[in-house]
Amino acid sequence: MHAEEPEWTTSAREDLDVHVTAVHSTETLGEVTARFVAVEVTSRVVGYLRTLRSGEVLDAVELDLPETTLATTAALLTLTPEVLEGAGLVSERWPGALHAAEHAAIGLLPLVASCDRWDIGGLSTALHDDTGLPSIFVYDSYPGGAGFAERGYASLATWLVATRDAVAACECPSGCPSCVQSPKCGNGNDPLDKAGAIVVLDLVIGAVARDGGGGPGAALADDV
Ligand SMILES: [Zn+2]
Ligand SMILES: [Zn+2]
């Protein structure tokens, strides 16, 4: 008897909430704002998906597990609805665009911080209760924070230019594990809008570049 590779993979489905408890630093870049914040992350694994190799979801299994709470630190990006619409992104695309940008940013954070993508969590939403805006959170998955999100915030331009370039250079048509899909997504990598992520990242990069020196923007002057 030998172990056969299963014909499916499993991925946890998670309910996730991020609440901002303190703002440590803010960079207002026109229609885009970057912040380094303290957050409380509440999560609950609600089940898992079994997915066939083809990508087709086989079934969803429900679990009843307790909620966990993590007090940590996060890099927070917000964009105004006006700037997203102005860039041609209709509101229906915001969740997928923000989510894909979040995943890609998590994947590239190890470029500027000594971390692994498994050290980092994220949440994106078209409307966040605390910010009142389309928002992307990238947080340290350790109590009290581990300095990774802070490094990302401090190296915002370097981090997000690399993220944007990685997504744009990936030859897949609509997102793959090398660009915008995440192995630890609690939402089964849905929705994801690869082209939308490039629009979102370009908006943030453009805002940082226009801001010029100082704060997170200083990194761009060094690197371009
Ligand atoms: Zn790809
Ligand atoms: Zn996700």
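Values in this document were obtained by computation on a predicted structure and should not be read as measured data. Remember, it's 1-based here, ligands and their atoms both numbered in the order they're listed.
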Take atom [atom1] of [X] as the centre, draw a 6.0 Å sphere, and report whether it contains more than 12 heavy atoms from other residues, nucleotides or ligands.
{"X": "Asp165", "atom1": "CG", "result": "yes"}
{"X": "Glu62", "atom1": "CD", "result": "no"}
{"X": "Asp116", "atom1": "CG", "result": "yes"}
{"X": "Glu82", "atom1": "CD", "result": "yes"}

Atoms of the protein (N/O/S only) found under 2.8 Å from the Zn ion (ligand 1) =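 Correct list: Cys170 SG, Cys172 SG, Cys176 SG, Cys179 SG.
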Apply salt bridge (charged side-chain N to carboxylate O under 4.0 Å, His left out) to Arg35 and list each qualifying residue two or more places apart in sequence or on a separate chain.
->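 If we apply the salt bridge (charged side-chain N to carboxylate O under 4.0 Å, His left out) test to Arg35, skipping adjacent residues, there are no hits.
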Do the side chains of Val32 and Val199 join up, straight or via other hydrophobic residues, at under 4.5 Å, putting them in one cluster?
->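 Cluster IDs for Val32 and Val199 match.
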Taking the six-membered ring for Trp, is the centroid-to-centroid distance between His128 and Phe137 below 6.0 Å?
->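 Ring-ring flag for His128/Phe137: true, centres closer than 6.0 Å.
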What's within reach of the Zn ion (ligand 2), meaning protein N/O/S atoms under 2.8 Å?
->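 Checking every protein N, O and S atom gives His99 NE2, His103 NE2, Cys185 SG.
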Kindly assign one of parallel, tilted or perpendicular to the pair Tyr142 and Phe148, based on the angle between their ring planes and the thresholds 30° and 60°.
->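 Ring orientation, 0 to 90° scale: perpendicular.
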How does the hydrophobic cluster around Leu63 look, that is, which other residues are in it when side-chain heavy atoms under 4.5 Å mark a link?
->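 Under the 4.5 Å side-chain rule, Leu63 groups with Val45, Tyr48, Val61, Leu65.
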